[in-house]
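Remarks on the structure that follows.
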Amino acid sequence: MAYLGTLALILLATLVLSHFSLQIGIPAVIGELLAGILFGPAVLDWLHPSTMITEFSEIGVVLLMFIAGLESDLTLLKKYFRPGVLVAVIGVIVPVVTIFAFAELWGFSFVAAAFLGITYAATSVSISVEVLKELNALDSKSGATILGAAVVDDILTVIILSVAVSVFGTGSATSTAPLWLTLLEEVAYFGLIFLVVKWLAPFVMHMAERLLPSSSVTIGSLLLCLGMAYLADLFGLSAVIGAFFAGVAVSETKYRAEVDKALESIGYAVFIPVFFVSIGMNMRLDSIGRDFWFIVIMTVLALLTKWIGCGAGAKLSGMSWHEANIIGAGMVSRGEMALIVAQIGFDANLLHRDFYSSVIIVIILTTLIAPFMLKDALNRHRALEEKA
């Protein structure tokens, strides 16, 4: 039962490092990411990738996004979904084009350069959700736009990735469904989301309340969360999309506060810390010396292209400069989404083995820097509002 010791170490490390992070005024998630780097293969090598860590981290991100949906305002999400589309589209185009051009200049082949651009087009909003929750900005104009844009960004990335793998891939990841079928499945899934929000969630929660076990309402909400996440994955989308909309569906019922309290206890006690640690554990230091300038330039480009691209989309949709800054910063983190895309590309021989570690390092660096950018943008906006 060695995994019990591993879990105890992860919980202790995240608890202590999160405490010190908050004490010096930085987001708690930074401490959890640093725990993965410090105790993982990059430094002490006490924690190693395992089935337990992988499974717990996948449940963790699903619960995190379910809680984000639970604490979101559906009216706000509807209102700012259109700006979110513009933010996502420009936020995908700018990184793909810019990083593709840089990679070609660096000597990458056309296919490898294009895939590198696709990798950094992905956004992982889970890190931003944590910072937005911590600063009570999740249920705001900027927060709603970031969440809406993240959903569209995920769909665009899946479609572009499907095309790239099916056209250019030669490895084990090339057995993908035809593009028209992928699109049809995604449309069908969003039709299912409408049914869940409108009818299924209220019915499931009402029936759960009538059952005798004391945790029946919490279990009913988990059935919706895990079921929607599973179906999203089955339909070719990210599981976090399903979990997020399951949370939105439950938030429209009278059980919102009860479920939020229960799920936060479950998620933040075990699964969510393991998720953030697992991202930090992907950091490797073996290629830093060899590819130092590539890592530096790629990190700068990855940060600026998403920040500027998404910020420009927000500004074009009518947001203020400060709101555009928040939205741009909120979309910078690549996290688990980019890690998944990079792994798929590696399996399909679209990403060269020599640069794989460096690409992962850049993803981790953007994930570490993004919370600082978002917190600074939110604090600047609040200072301006207080001054006004």
Side-chain angles (χ1 to χ4, degrees), residues 1-23 26-68 124 126-127 129-131 133-134 215 218 222 225-226 229-230 233 238-240 243 262-288 333-344 346-347 356-357 359-361 363-368 370-371:
M1 301 185 76
Y3 70 89
L4 294 179
T6 298
L7 186 57
L9 176 58
I10 289 173
L11 296 181
L12 176 63
T14 53
L15 183 64
V16 172
L17 290 174
S18 296
H19 168 76
F20 285 115
S21 295
L22 291 170
Q23 199 168 49
I26 62 177
V29 67
I30 294 295
E32 295 176 337
L33 291 167
L34 288 175
I37 295 171
L38 179 62
F39 291 95
V43 183
L44 295 175
D45 201 24
W46 291 359
L47 294 173
H48 305 97
S50 66
T51 302
M52 184 275 289
I53 290 176
T54 300
E55 303 299 344
F56 271 48
S57 65
E58 288 178 357
I59 295 171
V61 70
V62 164
L63 290 178
L64 177 62
M65 293 309 297
F66 178 73
I67 294 167
S124 172
S126 54
I127 309 295
V129 161
E130 187 67 10
V131 178
K133 273 173 55 62
E134 194 175 303
S215 300
T218 302
L222 275 172
C225 168
L226 301 177
Y230 171 73
D233 186 68
S238 170
V240 301
L263 265 295
E264 282 213 347
S265 299
I266 295 170
Y268 283 94
V270 183
F271 297 103
I272 294 172
V274 176
F275 163 64
F276 288 124
V277 166
S278 71
I279 292 180
M281 284 173 60
N282 283 285
M283 175 74 93
R284 298 288 190 278
L285 305 178
D286 51 358
S287 64
I288 288 181
S333 175
R334 299 321 199 274
E336 80 285 354
M337 282 303 299
L339 291 172
I340 291 166
V341 173
Q343 186 59 51
I344 290 170
F346 181 74
D347 291 341
Y356 180 72
S357 292
V359 168
I360 299 301
I361 287 172
I363 292 169
I364 300 296
L365 288 174
T366 62
T367 305
L368 282 169

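If you read the sequence from its start, that first residue is 1, and numbering goes on from there. Not measured: the values here are computed from a predicted model.
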Inset, instruction - Report the distance from atom OG1 of T367 to atom CG of L365, rounding to the nearest 0.5 Å. - result: 8.5 Å
Inset, instruction - Indicate the atoms forming the closest heavy-atom contact of P273 with V270, along with that distance. - result: CD-O, 3.2 Å
Legend entry - Residue pair E134, L22: steps toward the side-chain contact (heavy atoms from CB on, under 4.5 Å) verdict: CA-CA 10 Å; E134 194 175 303; L22 291 170; 3.4 Å; yes
Inset, instruction - Check whether any side-chain heavy atom of V277 sits under 4.5 Å from a side-chain heavy atom of M281, and report yes or no. - result: yes
Inset, instruction - Identify the heavy atoms of G280 and I37 that sit nearest to each other, and give their distance. - result: O-CG1, 3.4 Å
Legend entry - Sidechain-backbone polar pair: S18 side chain, L15 backbone, donor-acceptor under 3.5 Å: no
Legend entry - Under 3.5 Å: donor-acceptor pair, side chain of S50, backbone of I53: yes
Inset, instruction - Identify the residue among F275, Y3, F276, F271 that makes a ring pair (Phe, Tyr, Trp, His ring centres under 6.0 Å) with F56. - result: F271
Legend entry - Any side-chain heavy-atom pair of R334 and V341 under 4.5 Å: no
Legend entry - Nearest heavy-atom neighbours spanning A269 and S265: CB-O, 3.0 Å
Inset, instruction - Can you measure from CD1 (I266) to CD1 (I59) and round to the nearest 0.5 angstrom? - result: 11.0 Å
Legend entry - I363 vs N282 side-chain heavy atoms within contact, under 4.5 Å: no
Legend entry - Pairwise distance CD1(I279) to CG(L339) - rounded to 0.5 angstrom: 6.5 Å
Inset, instruction - Compare every heavy atom of V61 with every heavy atom of S126, then report the nearest pair and how far apart it is. - result: CB-CG2, 4.1 Å
Inset, instruction - Taking the side chain as every heavy atom from C-beta outward, state whether I360 and M283 have any pair of such atoms under 4.5 Å apart. - result: no
Legend entry - Distance-minimising heavy-atom pair for P27 and S21: O-CB, 3.7 Å
Inset, instruction - Enter the distance from S278:OG to E55:CD here, rounded to the nearest 0.5 Å. - result: 11.5 Å
Inset, instruction - Indicate the atoms forming the closest heavy-atom contact of G267 with L63, along with that distance. - result: CA-CD1, 3.9 Å
Legend entry - Spatial distance of atom OG1 (T14) from atom CG (L9) [nearest 0.5 Å]: 9.0 Å
Legend entry - Side-chain heavy-atom pair Y268, I67 within 4.5 angstrom cut-off: yes
Legend entry - Sub-4.5 Å side-chain heavy-atom contact between P371 and I127: yes
Legend entry - Separation between CD1 of I30 and CG of L17, rounded to the nearest 0.5 Å: 11.5 Å
